[in-house]
There are 2 protein chains.
Amino acid sequence: MLNPAVSQAAAPMTAAARSARAAEFQTAGQEIAEVLRLIQEQLQPQRRIVRAGETLYQAGERFGNLYVLNSGLFKLINLSSDGREQVVALKFRGDWLGFDGIAAGQYACDAVAMDTGEVWVMRYDAVLAACALRPALLRVLHEAMSREIGRDRDSLMSVCSLPADARVADFLRYWAESLAKRGLRTDQITLRMTRAEIGNYLGMTLETVSRSLSRLARQQLICFTEKGRRDVHIPDVMALVSFVQSAVAPAPATLQ
Amino acid sequence: MLNPAVSQAAAPMTAAARSARAAEFQTAGQEIAEVLRLIQEQLQPQRRIVRAGETLYQAGERFGNLYVLNSGLFKLINLSSDGREQVVALKFRGDWLGFDGIAAGQYACDAVAMDTGEVWVMRYDAVLAACALRPALLRVLHEAMSREIGRDRDSLMSVCSLPADARVADFLRYWAESLAKRGLRTDQITLRMTRAEIGNYLGMTLETVSRSLSRLARQQLICFTEKGRRDVHIPDVMALVSFVQSAVAPAPATLQ
DNA sequence: CGTTCGATTGAGGAAGATCAATTAATGTGG
DNA sequence: CCACATTAATTGATCTTCCTCAATCGAACG
């Protein structure tokens with residue numbers, strides 16, 4: 001978009017940087033588990049099993065609950081007043097859902113499960129009451145909201161400043177790192193979105209998504225499993241990071 | 001981008017819809033004033049005058065304060081790990097700043113004043129303490145965070161689903177409505193951003209911003225004042241809304 | 001009054017959208 | 001389990017939007 005697309009093999013990363021990143025994710029995974037434990041203890045939330053395609057809440061619906069994802073995967077679909085609709089966020093284990101409803105007293109988007117999962121349901125009032133007794137819980141709540149703000153802005157930056165291939169690469173990186181932070185396998189990703197949905201999320205057409213994935217595969221940054229192109233194997237997440245960087249800082253022209 | 005650009009004069013809006021929208025903004029303006037009063041009473045924040053160009057906090061700086069804007073105008077500039085930087089949000093009277101710092105314990109962006117203004121400075125801990133005593137304050141805080149999440153997503157949608165001209169129109173509409181909600185004059189806007197900054201915020205080049213503004217002016221959706229092209233006169237905000245809609249729902253082909 | 005920075009406008013080119021055809025996966029009823 | 005229908009994905013050809021490069025103009029400022 002703004003920057004020239006650079007189609008090049010990615011630069012490698014040092015082993016030190018690699019293990020630092022891995023350690024960071026490991027502690028993050030522990031934190032997520034701790035937070036879930038705290039929520040469970042303090043709020044005794046109602047558990048709800050959702051299946052792929054089920055809607056947790058819908059845009060316009062009266063706000064009242066907050067949700068925490070214990071397992072599974074959600075997409076949030078925003079609708080504008082003029083009828084556009086778009087995937088604006090993805091939610092993984094440990095993420096909260098429903099914050100968007102607090103401001104106006106009604107949810108601003110649809111929360112749709114992309115997989116079977118378990119959601120913890122809590123009345124917002126009950127959360128507030130528990131927070132009043134347990135400051136740690138309030139801190140956790142605010143951290144979650146703050147993280148959501150930060151993530152939304154990162155999405156905006158990706159869409160605004162990266163060319164299509166890098167945007168897809170950054171999307172895969174984000175997905176892989178989200179799994180890594182939760183202690184899940186990161187080399188094999190099952191994309192539970194169609195090309196059209198990915199494109200909708202990233203601000204491009206499904207054809208461009210398909211072409212970008214093909215190009216990334218041709219450059220060995222990803223590979224498809226033998227059965228189906230829904231599963232993506234990422235041999236090295238850092239290579240994706242480097243690829244995005246190389247697209248931003250185009251062609252250093254043998255500078256050192 | 002995703003949708004075909006439609007260059008047409010905008011459809012008018014009913015007087016009823018117009019006044020409903022105006023009333024909505026008036027009550028919003030009162031709410032903002034009330035919220036500011038509540039904050040002032042409960043927190044007795046330290047006041048700080050900022051001048052255009054001054055930085056309230058910077059990315060990476062240790063988090064500790066939250067801020068509320070009593071007057072003036074701020075931009076938030078996000079920086080990615082690979083060096084890209086982008087305007088990701090604008091802040092008006094009554095808006096909070098600093099939420100992005102809660103999650104990681106350090107701010108994630110630069111907050112830069114675009115105008116002389118007054119900022120209220122509060123320790124995050126002090127805010128939490130006050131919230132513990134006054135549930136209304138906690139509600140206000142959460143509403144502000146929720147609104148920020150919602151706004152960020154609207155930005156994302158605009159960038160992902162609108163062609164350049166509509167994106168600029170939507171930007172002007174957002175700015176005008178932000179002023180309207182605060183009881184300020186909405187027909188005359190002083191853009192305190194260069195074309196380059198606007199383009200950076202909207203994900204397009206400064207030339208495209210310039211051309212889009214020229215086209216909007218040619219269609220009488222905006223006009224420039226005699227002195228300078230920094231001031232934009234918007235004769236009818238609703239016409240901008242209609243223009244964006246017409247770009248989304250392309251050419252109904254004389255349907256009715 | 002020249003210098004500088006920002007804005008405008010034009011010409012050409014490139015990334016990505018659109019249209020279209022083909023192939024692969026998924027599902028359905030017999 | 002297969003034939004068929006349906007939906008998703010890929011790939012190619014063409015067209016549009018917007019980016020890039022460049023020149024000009026205007027405003028602000030020392």
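Per chain, numbering begins at 1; letters A, B, ... match sequence-line order. Computed over heavy atoms, backbone and side chain alike; hydrogens, waters and symmetry mates excluded.
- As rounded to whole Å, 13 Å separates atom C1' of dT8(C) from atom CD1 of Ile222(B).
- Candidate nucleotides dA11(C), dT10(D), dC18(D) were compared by shortest atom distance to the side chain of Pro163(B), and dC18(D) ranks first.
- Here the nucleotide nearest the side chain of Arg195(A), chosen from dG12(D), dG26(D), dT10(D), is dT10(D).
- At a cut-off of 3.5 Å, with distance as the only test, a side-chain donor of Thr205(B) or Thr208(B) sits close to an acceptor on the other residue.
- For the OP1/OP2 pair of dT11(D) and a distance below 4.0 Å, the side-chain nitrogens and oxygens of Ser214(A) include at least one atom meeting the criterion.
- Regarding Arg167(B), its CZ atom lies at a distance of 14 Å from the P atom of dT17(D), rounded to whole Å.
- Here the CG-CG distance, from Leu179(A) to Leu184(A), works out to 5.5 Å after rounding to the nearest 0.5 Å.
- For Glu207(B), the side-chain atoms get nearest to dA22(D) when compared with the rest of dT18(C), dA22(D), dG26(D).
- When distances are taken from the side chain of Arg230(B) to each of dA8(D), dT10(D), dG6(C), the shortest belongs to dG6(C).
- Computed from coordinates, the Leu202(A) CG to dG16(C) P distance equals 12 Å when rounded to whole Å.
- What separates CD1 of Ile198(A) from P of dT10(D) is a distance of 9 Å, to the nearest Å.
- Side-chain nitrogen and oxygen atoms of Arg211(B) include none within less than 4.0 Å of the OP1 or OP2 phosphate oxygen of dT9(C).
- With distances taken from any side-chain atom of Ser210(B) to the nucleotides dG6(C), dT9(C), dA9(D), the minimum falls on dT9(C).
- Spacing between atom CG of Asp231(A) and atom P of dA9(D) amounts to 12 Å, rounded to whole angstrom units.
- In this model, the phosphate group of dC18(D) is not approached by any side-chain N or O of Thr205(B) to a distance below 4.0 Å at OP1 or OP2.
- The distance between atom CE of Met204(B) and atom P of dA14(C), rounded to the nearest whole Å, is 22 Å.
- Ionic pairing of Arg93(B) and Glu118(B) is not present here: no N-O contact between side-chain nitrogen and carboxylate oxygen is shorter than 4.0 angstrom.
- With sequence neighbours left out, Asp152(B) forms a side-chain hydrogen bond (donor to acceptor under 3.5 Å, both in side chains) with no residue at all.
- A distance below 6.0 Å separates the ring centres of Tyr67(B) and Tyr57(B).
- In this structure, Met193(B) places its CE atom 17 Å from C1' of dC5(C), rounding to the nearest Å.
- In the helix from dC1(C)-dG30(D) to dG30(C)-dC1(D), the end axes, each obtained as the rotation axis mapping the C1' atoms of four pairs onto the next four within a five-pair block, lie 40° apart to the nearest 10 degrees.
- Taking only side-chain atoms of Thr194(B), from C-beta outward, the nucleotide of dC19(D), dG6(C), dA24(C) with the closest atom is dG6(C).
- Judged by a 6.0 Å distance limit and a 45° cone about the ring axis, Arg151(A) is positioned over the six-membered ring of Tyr174(A).
- Counted by atom type alone, Trp175(A) and Glu177(A) present zero donor-acceptor pairs between their side chains at under 3.5 Å.
- Separating the CZ atom of Arg229(B) from the P atom of dA27(D) is a distance of 6 Å, rounded to the nearest angstrom.
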